[in-house]
Amino acid sequence: MSQALTLARPYARAAFATARDEGTFAPWSDALAFSAHVAADPRVAALLSNPELDRDDAVAMLVPESSSETFGRFLAILADAHRLPLLPEIAGMYDQLRAEAEHVVKATVTSATELSGAQLDAIKAALRKRFGREVDVTTAVDASLIGGAVIDAGDVVIDGSLKGKLSRLQTALAN
């Protein structure tokens, strides 16, 4: 596990606990996503590592307008600890904790072509049945898959792509 993830974990847990106590999972998720996106920009990342950047200026740059005062205090704590560059990792861990608490499996379906509504509904139903939980699916298109799809649901990856099948066949023939 990378050092960034190790350093980010307590902050993600603290953000999650605060959001749980306030009953504001979605607003915290949105605010963290915004702040993480801004912090990940190379120009902003360079500013965040500048020791002359004032804490209040750093927080003002990263806090979304619609966020709570509590979220602003959270960013101030990160700034004081010089942990603002960890926001992408914190946001990712927070979303994992939120999904577990809400009994939701997050899955990404990457297909060779755009999926129809019926195809996506069938995949969601199959994933709900397999995991026994609600499923939050995002889609992506990768023409290099040739056909089929790859489903990535955290620890479970289902490769039903033609590219994957050809690769497995090539490996089998080489042995």
Side-chain angles (χ1 to χ4, degrees), residues 1-112 114-115 131 133-145 149-157 159 161 163:
M1 185 173 294
S2 77
Q3 182 179 0
L5 292 176
T6 302
L7 293 172
R9 184 180 299 113
Y11 296 102
R13 288 181 178 162
F16 175 76
T18 302
R20 182 188 58 222
D21 293 346
E22 293 178 347
T24 55
F25 281 143
W28 268 80
S29 193
D30 294 342
L32 278 168
F34 172 85
S35 297
H37 181 75
V38 174
D41 183 281
R43 295 168 296 187
V44 175
L47 281 174
L48 293 176
S49 63
N50 185 338
E52 294 185 26
L53 179 66
D54 180 64
R55 176 190 86 162
D56 294 336
D57 292 336
V59 170
M61 184 175 17
L62 296 171
V63 69
E65 290 182 22
S66 61
S67 68
S68 68
E69 185 179 321
T70 309
F71 184 76
R73 286 195 305 267
F74 174 74
L75 289 180
I77 291 168
L78 290 176
D80 288 340
H82 306 289
R83 299 291 191 240
L84 288 172
L86 295 175
L87 275 165
E89 289 83 3
I90 293 169
M93 288 180 162
Y94 172 89
D95 283 340
Q96 289 174 351
L97 292 168
R98 177 183 174 196
E100 288 173 21
E102 294 177 336
H103 303 290
V104 174
V105 174
K106 291 189 177 276
T108 302
V109 178
T110 306
S111 57
E114 194 71 35
L115 295 173
F131 293 111
R133 293 179 168 194
E134 198 54 42
V135 180
D136 180 18
V137 175
T138 56
T139 60
V141 174
D142 180 359
S144 73
L145 295 179
V150 176
I151 301 170
D152 183 351
D155 294 338
V156 177
V157 176
D159 187 350
S161 69
K163 180 180 178 180

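On a predicted model such as this, the values are computed, not experimentally measured, just so you know.
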Taking all atoms of both residues into account, what is the closest heavy-atom pair of [X] and [Y], and its distance?
X     : Y      : result
Leu48 : Ala58  : CD2-CB, 4.2 Å
Ala39 : Ala45  : O-CB, 3.8 Å
Val38 : Val44  : O-CB, 3.2 Å
Asp95 : Lys106 : O-CE, 4.2 Å
Ala12 : Tyr94  : CB-N, 4.0 Å
Ala8  : Ile90  : CB-CG1, 3.7 Å

Check your understanding: Is any side-chain N of the basic residue among Arg55 and Asp80 closer than 4.0 Å to the acidic one's carboxylate O?
Key -> yes
Exercise for review: Let me see the working for Val109 and Leu115 under side chain to side chain contact (heavy atoms under 4.5 Å, CB included), right down to the final yes or no.
Suggested key: CA-CA 9 Å; Val109 178; Leu115 295 173; 3.6 Å; yes
Check your understanding: Is the side chain of Thr24 donor-acceptor paired with the backbone N or O of Pro27 at a distance under 3.5 Å, no angle test?
Key -> no
Check your understanding: Distance-only, no hydrogens or angles: does the Ser67 side chain make a donor-acceptor pair with backbone N or O of Val63 under 3.5 Å?
Key -> no
A side-chain contact here means heavy atoms from C-beta on lying under 4.5 Å apart; do [X] and [Y] qualify?
X      : Y      : answer
Val156 : Phe131 : yes
Pro64  : Asp30  : no
Val104 : Val135 : no
His103 : Glu134 : no
Arg83  : Ile77  : no
Leu75  : Leu87  : yes
Leu84  : Leu62  : yes
Glu22  : Trp28  : yes

Atom pair [atom1] ([X]) and [atom2] ([Y]), whose distance is rounded to the nearest 0.5 Å:
X     : Y      : atom1 : atom2 : answer
Ser49 : His82  : OG    : NE2   : 11.5 Å
Phe71 : Ser66  : CZ    : OG    : 9.5 Å
Met93 : Leu32  : CE    : CG    : 12.5 Å
Arg98 : Asp136 : CZ    : CG    : 8.5 Å

Practice item. Go through the steps for Met61 and Asp57 under the test side chain to side chain contact (heavy atoms under 4.5 Å, CB included), then give the verdict. Key: CA-CA 6 Å; Met61 184 175 17; Asp57 292 336; over 6 Å; no
Review point. So, Phe16 versus Phe25, ring centres under 6.0 angstrom or not?
Key: yes
Exercise for review: Run the numbers on Val150 and Leu145 for side chain to side chain contact (heavy atoms under 4.5 Å, CB included), then give the verdict.
Suggested key: CA-CA 8 Å; Val150 176; Leu145 295 179; 4.1 Å; yes
Review point. Hey, are Asp152 and Thr110 close enough side-chain-wise for a donor-acceptor pair under 3.5 Å?
Key: no
Exercise for review: Could you please spell out the steps behind the side chain to side chain contact (heavy atoms under 4.5 Å, CB included) verdict for Thr18 and Thr70?
Suggested key: CA-CA 8 Å; Thr18 302; Thr70 309; 3.5 Å; yes
